Amino acid sequence: MLVLKSRQEVADFVESVKSKKLTLGFVPTMGALHEGHLSLIKRSIEENQYTLCSIFVNPTQFNNATDLEKYPRTEETDMEKLKSIGCDAVYLPRVEDLYPSGVENDPINLNGLDVVMEGAFRPGHFQGMATVVKRFFLQVQPTRAYFGEKDFQQLQIIRQMVKEENLPLEIVGVPIIREKSGLAMSSRNMRLSPEFKEKSLFIYQTLLKAKELSDSQLSPKQIIHKIEQLYINSDLKLEYFTIAEEQTLQLPEKFEENKHYRAFIAAYAGDIRLIDNIQLR
Ligand code: AMP
């Protein structure tokens with residue numbers, strides 16, 4: 001596996017791939033890799049002649065210094081995992097490779113998708129994420145890039161950014177990988193105590209409940225109310241539970257036949273913030 005440590009090394013790699021007219025799949029990550037990340041990389045390997053994964057903990061998408069500092073970093077085992085599944089190359093940029101003129105965001109029109117749900121609770125998060133992903137795309141010039149539905153809002157924002165900036169690549173969304181228990185895999189899960197890990201299963205259970213209720217006559221608002229009630233005496237602290245139409249990410253008055261909807265949740269297990277979502281109906 002090639003290990004690329006600078007913008008210049010990536011430029012040389014991209015040039016050699018392009019000169020051979022080969023397809024390039026790209027999977028950006030923040031490391032602490034688990035089966036969720038690996039499913040994106042495996043999918044890219046299936047669909048492209050070359051696959052490049054990046055590992056970069058992007059400072060601009062953390063709105064809390066402690067969260068950035070405590071974000072797990074497991075570079076050695078990450079590299080082993082990437083090698084074992086046959087990833088062709090990994091890019092480990094330094095901050096200056098992505099932010100040569102200082103750490104700041106590019107102005108990108110995200111069409112309001114960035115101010116709801118996660119955006120409402122993590123101001124600036126999506127502008128930071130969109131900036132770094134756009135800069136990665138310009139450097140890597142992938143044929144396709146892979147993103148998990150675990151961060152569904154992020155996936156839709158990337159699609160919007162690619163449209164807005166007219167970038168020539170395909171965005172592929174990949175289903176959520178869960179542990180056997182149902183808990184959505186996340187790099188943050190490794191910071192959960194065994195007790196809170198057990199308690200966190202409630203998140204997926206309540207998403208399944210919402211899915212079941214979406215087949216009834218209840219309106220989206222009534223379902224939200226019922227799920228919120230379930231958290232009143234729970235061990236988890238609910239930050240938000242909501243339902244949104246997949247394209248606009250807006251709460252609908254009622255479900256319509258030809259549209260797709262998801263339930264979205266963010267909750268704290270102790271001091272660990274977890275997010276998850278599920279397609280409804
Ligand atoms: P992260 O390292 O958390 O920034 O995640 C990198 C990519 O992996 C993003 O596209 C995530 O949506 C995706 N991802 C993270 N966890 C999962 C999961 N459990 N299932 C599928 N994709 C995931």
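Counting starts at 1 for both ligands and their atoms, following the listed order. All figures in this text were calculated on a predicted structure; none of them were measured in a lab. All values below come from the heavy atoms of this structure, side chains included, with hydrogens, waters and symmetry mates left out.
Inspection of the Y99 and T131 side chains reveals no N or O donor paired with an N or O acceptor under 3.5 Å. For the 3.5 Å distance criterion, the side chains of T23 and T143 fail to qualify, holding no donor opposite an acceptor. Checking Y91 against E9 by side-chain atom types alone, no donor-acceptor pair falls below 3.5 Å.
Listed by chain and number, P28, T29, M30, H34, G36, H37, L40, Y71, F147, G148, K150, D151, Q154, P175, I176, I177, M185 each place a non-hydrogen atom less than 4.0 angstrom from ligand 1.
A cation-pi contact, defined as under 6.0 Å to the ring centre and within 45° of the axis, is absent between K134 and F137.
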Checking Y71 against F62 for the ring pair (Phe, Tyr, Trp, His ring centres under 6.0 Å) test, could you report, in this order, the C-alpha distance in whole Å, the side-chain angles of both residues, the deciding distance, and whether it holds?
CA-CA 10 Å; Y71 200 82; F62 285 81; 5.6 Å; yes
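No donor-acceptor distance shorter than 3.5 angstrom exists from the side chain of D215 to the backbone of R281, with no hydrogens or angles considered.
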